[in-house]
There are 2 protein chains.
Amino acid sequence: MKWDTLEEEPCSLARTVAVIGDRWSLLILRECFLRKRRFEAFQSSLGITRHLLAERLKKLVRFGVLRRIPYQESPKRYEYILTQKGLDLYPIIMSIVHWGNIHMVDSRGRPMLHQHKNCGHMFDPVMVCSECGEPLSAKAVHVHPGPGARQTSPVHAMAADDPKAKTKTGT
Amino acid sequence: MKWDTLEEEPCSLARTVAVIGDRWSLLILRECFLRKRRFEAFQSSLGITRHLLAERLKKLVRFGVLRRIPYQESPKRYEYILTQKGLDLYPIIMSIVHWGNIHMVDSRGRPMLHQHKNCGHMFDPVMVCSECGEPLSAKAVHVHPGPGARQTSPVHAMAADDPKAKTKTGT
DNA sequence: CTTTAAAGTTCTATTTTAGAACTGTCAATA
DNA sequence: TATTGACAGTTCTAAAATAGAACTTTAAAG
């Protein structure tokens with residue numbers, strides 16, 4: 001399977017993975033959320049090759065996650081800032097960080113702490129139901145096919161009307 | 001940078017990316033959360049090559065996200081189930097799905113809907129502060145170096161005491 | 001006139017992934 | 001008894017992505 005087919009699948013997870021599901025994009029976005037904006041800044045703090053960084057930035061701009069904005073003329077230089085679509089990735093970033101905080105820390109403890117400006121406390125993110133406000137767990141959730149689903153399987157990976165896909169449609 | 005150095009970095013995001021930050025792991029985990037457990041089931045619904053699937057399953061088992069359990073003797077067959085560590089990935093999965101629901105849907109609408117068994121409603125996940133319960137946004141959060149941080153930069157990608165890293169320590 | 005800085009681009013070598021075929025164990029079937 | 005099929009992988013080669021380093025362009029600074 002290729003990246004470009006991934007982004008067309010009838011699955012919101014697959015489509016998002018097409019945007020951020022590679023080794024570098026999330027790390028670049030981490031830097032964005034830490035107020036880094038420039039090519040050199042990304043490159044030096046991540047140690048990513050310049051070639052790949054250029055590619056990834058282009059991709060994130062193409063998907064509308066970042067915007068490329070000139071910050072000086074002659075020589076023309078650009079910086080990358082998060083769009084609203086990019087800012088909306090924050091819950092993903094935070095839940096990833098939180099999982100790492102719980103499951104991937106060594107004896108030295110957390111590499112960083114988060115403080116909520118509104119209430120002043122150090123916090124962890126908690127995912128709750130938009131309707132009742134209770135914390136969510138996988139077992140308390142039912143999935144249903146939505147209007148954008150493909151026939152039988154709600155999150156099936158391929159188009160059933162694709163003749164090439166017949167080996168995958170399975171039993 | 002290699003995957004194995006990624007998992008040792010003083011950053012919870014980088015460490016988590018070392019586990020789930022590739023093209024396939026999140027899709028495999030999606031299937032796990034949809035109660036798929038077997039090699040053939042993963043392979044046929046994802047269209048992943050058998051080779052890579054075997055690799056990814058090994059990796060997820062190695063990281064303690066899945067457990068490989070025999071479900072029959074002779075011939076010995078195994079299935080893969082989520083550990084608690086794996087179940088804890090649920091907020092990551094849900095926030096990824098939610099972002100896709102908001103930003104990657106076509107005119108047909110969402111591929112799937114989520115119902116909260118506790119309250120009965122279709123819902124969206126919301127990320128809130130563990131201390132005050134308010135929804136979180138990037139701008140309302142301050143980051144601080146924690147006990148597991150490396151000197152100057154709280155989320156810096158490499159060890160400053162690593163002589164090879166000097167080109168990256170930058171200006 | 002040379003050096004430096006930023007933001008890339010270009011190149012080759014290495015690693016990963018895709019795609020397909022093959023293996024081993026057993027049960028069911030002809 | 002021989003054959004087929006299911007399952008859970010392994011093994012191969014070709015194609016694609018990534019690593020690592022050098023090079024380019026524009027313009028200011030020494």
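Naming convention: chains lettered A, B, ... in sequence-line order (proteins, then strands); numbering from 1 in each chain.
- At a cut-off of 3.5 Å, with distance as the only test, a side-chain donor of B:H144 or A:Q115 sits close to an acceptor on the other residue.
- The only member of B:R38, B:K36, B:R67 that meets side-chain hydrogen bond (donor to acceptor under 3.5 Å, both in side chains) when paired with B:E79 is B:R38.
- The A:Y71 side chain lies nearest to C:dA7 when the options are C:dA7, C:dG8, D:dT10.
- Across the protein-nucleic acid pair, B:F39 atom CZ and C:dG24 atom C1' stand 14 Å apart, rounded to whole Å.
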Subject >> Summary of protein contacts for nucleotides 12-30 of chain D, nucleotide by nucleotide, where a base hit scores B, a sugar-phosphate-only hit scores S (4.0 Å, heavy atoms) >> reply: ------SBB-B---BS---
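- Between D:dA8 and B:R37, no contact under 4.0 Å exists linking OP1 or OP2 to a side-chain N or O.
- Whole-Å rounding puts the A:F42 CZ to C:dA6 P distance at 14 Å.
- B:K36 places its NZ atom 16 Å from the C1' atom of D:dC7, with the value rounded to the nearest Å.
- For the OP1/OP2 pair of C:dT25 and a distance below 4.0 Å, the side-chain nitrogens and oxygens of B:Y78 include no atom meeting the criterion.
- Remark: A:K117 NZ is packed, more than 12 non-hydrogen atoms of other residues, nucleotides or ligands lying under 6.0 Å away.
- Rounding to whole angstrom units, CG of residue B:L57 and P of D:dA8 are separated by 11 Å.
- At least one side-chain nitrogen or oxygen of B:K58 sits closer than 4.0 Å to the OP1 or OP2 atom of D:dT10.
- Less than 6.0 angstrom separates the ring centroid of B:Y90 from the ring centroid of B:F33.
- Separating the CG atom of A:L53 from the P atom of C:dG8 is a distance of 8 Å, rounded to the nearest angstrom.
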